[in-house]
J.: 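I have a structure here, written as structure tokens, and I will follow up with some questions on it.
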Amino acid sequence: MMVDPTLAEMGKNLNEAMKILEDGRKASKPDADRRQFSRSSIPGPLQGDGQDVASILQLVQNLMHEDEEEGKPSHRRMQNVGEQGHMALLGHSLAAYISVLDRERLRKLITRIASDTTLWLCRLFRYESGSAYYHEDDREGLLKVCRLVINTRYEDYSTEGYTVLNSRQPVIYQSATCRPGLGQYLCSQLGLPLSSLCTVPCNTMFGSQHQMDIALLDKLIREDVETGKLPLLLIANAGTPGAGHTDKLGRLKELCEQYGMWLHIEGVNLATLALGEVSSPVTAATRSDSMTLTLGPWLGLPAVPAVTLYRHEDPALSLAAGLTSSQPVEKLRALPLWLSLQYLGHDGIVEKIRHAVELSQQLLEKLKTLASIKTSGVVSLSRIPPISGGSLRDLLGSLILSIVEDELNSPVVVFRFSQETSAESSGGSVEGYFAGEREVLDTLNRWLCERLAQLVPASGVDIVELEDEGTCVRFTPLMTAAALGTQRCDVDLLVERLTELVPVLNCTLRLRLDFREEVYRHSALSYIEDLSWPGLGAVRYEPRIEEMNDSKRQLEVEKINSELLVKLGDLDADLLFSTGLEFGPEKDCIFIGMAMEDLDVAELVDTIAALGRDIEENGRLLENMTEVVRKGIQEAELQLQKDNQDKLMEEGVLRQIPLVSSVLNWFSPFQSTVKGRTFNLAAGSLDSTEPTYSMKAQTGGLASPETPTSSAKRLPGQRLFRREGAGGSDSHSETSSVGQAEDLSRERVPQPTTPTPPVPDEAVSVAPESPETPQVPAEPEPTQEKGEELHLGQGVNGEGSSEDFLVHGLQSTAVGLVMARRSNSLYASQVTCD
């Protein structure tokens, strides 16, 4: 069989290009470094001599993997481009090549391609006698259908234009669960006022809360007809964008026929029409006037157009609406889809859709066995109106539940964490148990979805916001399985990870209340109510100084809490401490992450308070000690001046003359009676050194007792904030563990979580030489006098601490100031550090 050399070369070049782009993620480190230095994110001028294909592909590859080269973590889900994906990409290249053929050959080719693709799709999705419109934007097909209906219902529209709409205003009806912005997009493109859009609410009593209320729709249509409006088109869902529920399409079709309206259907559940067994609500979609199919996500085909199948007998009106085109190039949009459908075949297409549906059923069956997990679409008995006779009400409820579950047989699974069925500690339900319960559950479900997406990226779960249920986790394999390659083992792994995360959510939701109550017991801590944080909560340490102004107090709060966050992060604990969300409303706070069952909340809060108090006292000691040292130096200078005068009076003037004093001291030794001084940094006072030299040791006050922060004796290897024996039961409560703190304080192992501030008893001693040293008369140097001794102690316990280093630095500063000011005095300074 002869093959066009150009087509063969095109296929070869495409394969080589795809190989270069796909192998870019496996490049070695030297290649990545070379690309990083050679790449520039700033646009540059167009080169005059041009570049070869390999260089251009290399540039594209660098731009695609720019974040990975910079070392940034990437959590994007990459689509698996298989052989069918290569066929779709080849279709775009072939479309450009075919467009240069002569007009007659081009017309025959595009007619064959469009006819084959339309025939295959109509048979595959059971849409007989239909035409097809291929479009890139999945809303464009509905827009063209609206123009077709306007041209059909307003006969003079082609000649009179929009003026004919003034006689009877057209009305487009859509469900409240339609895609956001769809109706507004249609009105803006069609030039219609927003009053031409009517949003129909969903059921509130019977059936799914995501299905259109047919009785209310009938009422709205009758009201519009009575006011002289023209019901034009109804948009229904075969799989709502959020929960994947299907409207009652059969009843809606009857209503459209009654009022002469056009019925358009869209949704992911339309894919199940290709299966052998189709649920009755979806089967009714084959009677609609038009439907939109998004085959790209369903089959994992990149860059293929969406298709709108419609039925209409007037080709002229279809041409006027833009559903058909006389331009051959526009008809080539079907070429990628034509190639891909042939490559997959009928069996391959059905198998992909069936595989996605089976994945949904597998997950749904497993979720029914999990406590605290609620799936969307279940009707609770509270929505059933009260009926006399409990047995009749229960029977009616069971009947409605069976009908709804049959109608909601959707390949979309939506589930949500809720303690409604497993909160024994709060009496069965947490609803109303604390303020903002709905917002907290939404936050926890958002965290749950993010964790599942990270742990099982092949599952393709995402977050969906539903009006009644709130934030939920959605599993839509029809939209993601073909691209991500999701398998049954991925669903099993998803359920396994979900089973591990549910206890964490339960414990966190229950302990949030205990955490708030414990924070309220500490006057120095403030509980921060942030419902958007997934965790125990937020706390802020407040300084206890009241005389500070607002600006200084704000700086002090920021400084203390930032240091406190660093200390908490260094602890050996399983908790996550952070500054919260990046754009959160609360600042200068400490946010605590998710918790486990054996968390000792009381110990956690006590540790936060103790660490904050320690940081505050250290900062206050630094500020106060600066002033104490300054005043102490001034007082010491006055005392030294007085001692110099007394010494002069005792020794006489002759002993101050260098040569004469040596001779005089040799004949008549003199014992000085000048007393030394001790500068107590803690008390800020000058004391006599007589007790120091008489006892041959420094004296000080008693050490303050340690602050108990551990509620029980820590076992070897046990992490912080863990209750002993709490993993199996809750019999050992937080209250009892805190009550034992006093009894076990003597046996408690010192923990690094609560550094106990020792009593500062460091002293700067100003004293003469020890009386034990005999004085030998000798000729002193002109600048050498009896010494001044400054003792830098370590405290009464003989152990250094953070305050010791702080005092040591201040003492060194104080000594330096004394020596500088007394450089011309009669005494020399001798510094000794113990």
J.: Using modelled atom types only, decide if a donor and an acceptor are shared between the side chain of Y162 and the backbone of L192 within a distance under 3.5 Å.
T.: no
J.: Give the C-alpha distance, both sets of side-chain angles, the deciding distance and a yes or no for side chain to side chain contact (heavy atoms under 4.5 Å, CB included) between L341 and L121.
T.: CA-CA 9 Å; L341 292 179; L121 292 177; 3.9 Å; yes
J.: Quick check for you: to the nearest 0.5 Å, what is the distance between L317 atom CG and S158 atom OG?
T.: 8.0 Å
J.: Is the backbone of H245 close enough, under 3.5 Å, to the side chain of T240 for a donor and an acceptor to pair up by distance?
T.: yes
J.: Return the OG1 to CH2 distance between T480 and W298, rounded to the nearest 0.5 Å.
T.: 14.0 Å
J.: Check whether any side-chain N or O of D490 sits under 3.5 Å from a backbone N or O of Q487 as a donor-acceptor pair, and report yes or no.
T.: yes
J.: I'd like to know if R112 pairs up with D116 as an ion pair, taking the criterion as any Lys NZ or Arg NE/NH1/NH2 lying under 4.0 Å from an Asp or Glu carboxylate oxygen.
T.: yes
J.: Decide yes or no for T486 and P477: does some side-chain heavy atom of the first lie under 4.5 Å from some side-chain heavy atom of the second?
T.: no
J.: Do D138 and R179 touch side chain to side chain, with heavy atoms closer than 4.5 Å?
T.: yes
J.: Do other residues, nucleotides or ligands put more than 12 heavy atoms under 6.0 Å from the CD atom of E136?
T.: yes
J.: Hey, does the Lys NZ or Arg CZ of R139 hover above the aromatic six-ring of Y185, less than 6.0 Å from the centre and inside 45° of the axis?
T.: yes
J.: side-chain contact (heavy atoms from CB on, under 4.5 Å) with I265: which of L234, L249, L309?
T.: L249
J.: Answer yes or no: is there a donor N or O on one side and an acceptor on the other, between the side chain of S167 and the main chain of V164, under 3.5 Å?
T.: yes
J.: Search all heavy atoms of C146 against all heavy atoms of I172 and return the closest pair with its distance.
T.: SG-CD1, 4.3 Å
J.: Would you say the side chain of C202 lies within less than 4.5 Å of the side chain of T177, judging by non-hydrogen atoms?
T.: yes
J.: Out of curiosity, D156 CG to T163 OG1, how far, rounded to the nearest 0.5 Å?
T.: 8.5 Å
J.: Any sub-3.5 Å donor-acceptor pair from Q211's side-chain atoms to T246's backbone N or O?
T.: yes
J.: Nearest heavy-atom pair of L301 and S340: which atoms, and what distance?
T.: CD1-CB, 3.6 Å
J.: What heavy-atom pair brings V412 and S360 nearest, and what distance separates the two atoms?
T.: N-OG, 4.3 Å
J.: Can you tell which of L335, L94, L337 makes a side-chain contact (heavy atoms from CB on, under 4.5 Å) with I113?
T.: L335
J.: Are any of the side-chain nitrogens in R416 or D442 under 4.0 Å away from the carboxylate oxygens of its partner?
T.: yes
J.: Would K144 and R147 count as a side chain to side chain contact (heavy atoms under 4.5 Å, CB included) if you check the C-alpha gap in whole Å, the side-chain angles of each, and the deciding distance to 0.1 Å?
T.: CA-CA 5 Å; K144 303 289 184 166; R147 289 176 177 169; 4.2 Å; yes
J.: On a heavy-atom basis, which atom in S195 and which in K229 lie closest, and how many Å separate them?
T.: O-NZ, 4.3 Å
J.: Is E254 salt-bridged to R287, cutoff N-O under 4.0 Å?
T.: no
J.: Nearest 0.5 angstrom please: L270 CG to S288 OG, how far?
T.: 7.5 Å
J.: Given T152 and H312, is the side chain to side chain donor-acceptor pair (under 3.5 Å) satisfied, shown in steps?
T.: CA-CA 10 Å; T152 303; H312 200 267; 3.3 Å; yes
J.: What verdict does the side chain to side chain contact (heavy atoms under 4.5 Å, CB included) test give for L273 and M291, after you've listed the backbone C-alpha separation in whole Å, the side-chain angles of each residue and the deciding distance to 0.1 Å?
T.: CA-CA 12 Å; L273 290 173; M291 64 170 63; 4.2 Å; yes
J.: Evaluate whether atom CZ of R126 has more than 12 neighbouring non-hydrogen atoms of other residues, nucleotides or ligands under 6.0 angstrom away.
T.: yes
J.: For M212, does its backbone N or O pair with a side-chain atom of D247 as donor and acceptor, under 3.5 Å?
T.: yes
J.: Between T118 (side chain) and S115 (backbone), is there a donor-acceptor pair under 3.5 Å?
T.: no
J.: The test is side chain to side chain donor-acceptor pair (under 3.5 Å); show your working for H264 and S290 and say whether it passes.
T.: CA-CA 5 Å; H264 178 81; S290 61; 2.6 Å; yes
J.: Do other residues, nucleotides or ligands put more than 12 heavy atoms under 6.0 Å from R311 CZ?
T.: yes
J.: Can you name the closest pair of heavy atoms from A132 and V307 and give their distance?
T.: CB-CG1, 4.0 Å
J.: Run the numbers on Y133 and E140 for side chain to side chain donor-acceptor pair (under 3.5 Å), then give the verdict.
T.: CA-CA 10 Å; Y133 173 66; E140 187 179 354; 2.8 Å; yes
J.: Taking the side chain as every heavy atom from C-beta outward, state whether P201 and L216 have any pair of such atoms under 4.5 Å apart.
T.: yes
J.: Can you measure from CG (L299) to CG (L478) and round to the nearest 0.5 angstrom?
T.: 9.5 Å
J.: Indicate the atoms forming the closest heavy-atom contact of L364 with T375, along with that distance.
T.: CD1-CG2, 3.9 Å
J.: Can you confirm whether E467 is buried at CD, in the sense that more than 12 heavy atoms of other residues, nucleotides or ligands lie under 6.0 Å from that atom?
T.: no
J.: So does R168 get a backbone contact from the side chain of Y154, meaning a donor-acceptor N/O pair under 3.5 Å?
T.: yes
J.: Taking R474 for its side chain and G244 for its backbone only, find out whether a donor-acceptor pair lies under 3.5 Å.
T.: no
J.: Test salt bridge (Lys or Arg N to Asp or Glu O under 4.0 Å) on E277 and R354; report intermediate values, then the result.
T.: CA-CA 10 Å; E277 298 179 359; R354 178 179 289 108; over 6 Å; no
J.: I want to check something: taking the side chain as every heavy atom from C-beta on, are R446 and E465 in contact at a cut-off of under 4.5 Å?
T.: yes
J.: Could you tell me whether the side chain of L252 reaches within less than 4.5 Å of the side chain of L217, counting heavy atoms only?
T.: yes
J.: Would you mind reporting whether H355 and L359 have side-chain heavy atoms less than 4.5 Å apart?
T.: yes
J.: Contact between E469 and K374 at the side-chain level, heavy atoms closer than 4.5 Å - yes or no?
T.: no
J.: Would H135 and T308 count as a side chain to side chain donor-acceptor pair (under 3.5 Å) here? Give the steps.
T.: CA-CA 8 Å; H135 45 92; T308 295; 2.7 Å; yes
J.: If you round to the nearest 0.5 Å, how far is CD1 of I110 from CD1 of I98?
T.: 9.5 Å
J.: For H346 and V350, what are the C-alpha separation, side-chain angles and deciding distance, and is it a side chain to side chain contact (heavy atoms under 4.5 Å, CB included)?
T.: CA-CA 6 Å; H346 182 275; V350 173; 3.6 Å; yes
